[in-house]
**Student:** 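Can you read through this structure? Questions will come right after.
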Amino acid sequence: AGTGKKATWNGVGVLKDGLRVKVLGNVGSPADAAAAAAAGAEGVGLFRTEFCFLDAAEEPTVAEQTAAYEAVLAPFKGKPVVVRTLDAGADKPLAFLSPDPEPNPALGVRGLRVAFDRPEVLDRQLQAIAAAAASSGADVSVMAPMVATAAEAAWFVARARQAGISRAGVMVEVPSAALSAREILQVVDFISIGTNDLAQYVFAADRQLGGVAALNDPWQPALLRLIAQVGEAATAAGKPIGVCGEAAADPLLACVLIGMGVTSLSMNHTALADVGAKLATSSMDICQLAARGALAAGDPGTAKLAARAPH
Ligand code: PEP
Ligand code: MG
């Protein structure tokens with residue numbers, strides 16, 4: 001029951017030709033998690049853990065972190081959940097991790113970079129994630145934000161394994177990481193493209209600034225070409241590749257991403273039904289034609305038209 005669109009999606013991501021695609025939720029709180037589960041998310045492709053501690057003056061203890069993560073994992077027993085380690089800094093400052101003032105916070109010590117100086121903070125978080133994974137029964141993997149090189153990715157994966165977490169990946173949201181996808185894929189279990197930051201850094205356009213929003217359009221062909229390169233690398237490596245930025249929430253763009261080799265899409269719960277319904281009416285052939293058309297376009301409007309043509 002429900003609206004026409006929702007009725008065509010049963011909560012399992014599948015293309016018209018029967019190929020499976022994971023359709024997952026982005027969450028940052030127990031309320032988000034409940035909403036994503038209710039909307040039919042097959043799991044979670046991005047758990048933004050920093051959202052749990054935006055008001056924390058001091059680093060939460062391992063016990064406090066474990067409880068916070070358990071509350072978010074609760075609806076996903078037996079389902080895949082990708083827990084992202086703290087992405088503090090720039091647009092998401094955390095009081096207990098704030099660096100010395102920086103002239104360009106988006107280019108500064110944020111995300112995984114914070115952990116290079118303070119690895120014990122990362123280790124305590126990984127310990128709490130491992131504990132919450134065990135008690136919740138969710139199928140948990142971890143991923144790091146703001147990774148720039150394969151060496152950084154390898155450093156993170158080693159620490160995750162030391163904490164007893166067997167599946168570890170990284171976000172691809174810095175252009176250097178996208179350009180190093182082949183090398184990164186050799187040291188991680190999966191990657192997930194963060195199109196919000198990737199667009200910001202590809203176009204040198206602050207994602208928080210309305211005046212440059214046209215450059216932060218995920219239909220920009222330059223961004224799509226970079227994503228396609230990463231998709232090819234993941235396909236060649238035979239490893240899962242997700243998209244968890246806003247691009248995944250646009251049904252037509254979701255098809256384009258699948259046509260580029262992306263294997264899972266993670267989005268706000270409000271987008272799940274529309275994306276799921278669109279995928280159900282698109283075969284892989286259509287997705288690949290849509291991708292090819294969009295990649296050949298010269299501007300976002302033309303890319304959109306080209307992606308719509310095979311549908
Ligand atoms: C992204 O950058 O696309 C992403 C998913 O991470 P966040 O929006 O939390 O920076
Ligand atoms: Mg990001």
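We count ligands from 1, going down the list as the structure has it; atoms in each ligand are counted the same way.
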**Student:** When you measure from the side chain of Arg20 to the backbone N and O of Gly13, does any donor-acceptor pair fall under 3.5 Å?
**Tutor:**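 Yes: the side chain of Arg20 pairs with the backbone of Gly13.
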
**Student:** So, Lys278 side chain and Cys255 main chain: donor-acceptor pair closer than 3.5 Å or not?
**Tutor:**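 Side chain of Lys278 to backbone of Cys255: no pair is present.
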
**Student:** Phe47 and Ile129: same hydrophobic cluster, using ILVMFWY side-chain contacts below 4.5 Å?
**Tutor:**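 Phe47 clusters together with Ile129.
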
**Student:** What are the protein N/O/S atoms, named by residue and atom, that sit under 2.8 Å from the Mg ion (ligand 2)?
**Tutor:** Glu173 OE1, Asp197 OD2

**Student:** From the options Leu223, Val243, Val230, select the one residue that forms a side chain to side chain contact (heavy atoms under 4.5 Å, CB included) with Leu198.
**Tutor:** Leu223

**Student:** What I'd like to find out is whether the side chain of Val114 reaches to under 4.5 Å of the side chain of Leu122, using heavy atoms alone.
**Tutor:**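 No, every pair of side-chain atoms sits at 4.5 Å or beyond.
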
**Student:** What I want to find out is whether Arg110 reaches Glu102 closely enough, with some N-O distance under 4.0 Å, to be called a salt bridge.
**Tutor:**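 A salt bridge is absent here (no side-chain N lies under 4.0 Å from a carboxylate O).
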
**Student:** Does Glu50 come within less than 4.0 Å of Arg84, counting only side-chain N to carboxylate O?
**Tutor:** yes

**Student:** Please list, by chain and number, the protein residues whose heavy atoms come under 4.0 Å of ligand 1.
**Tutor:**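 The 4.0 Å shell around ligand 1 contains Leu46, Arg48, Arg84, Asp87, Lys92, Met171, Glu173, Gly194, Thr195, Asn196, Asp197, Arg207, Cys244, Gly245.
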
**Student:** For the residue pair Thr270 and Asn268, confirm or rule out a side-chain donor-acceptor distance under 3.5 Å.
**Tutor:** yes

**Student:** Is the side chain of Glu64 donor-acceptor paired with the backbone N or O of Pro60 at a distance under 3.5 Å, no angle test?
**Tutor:**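 It does not hold such a pair.
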
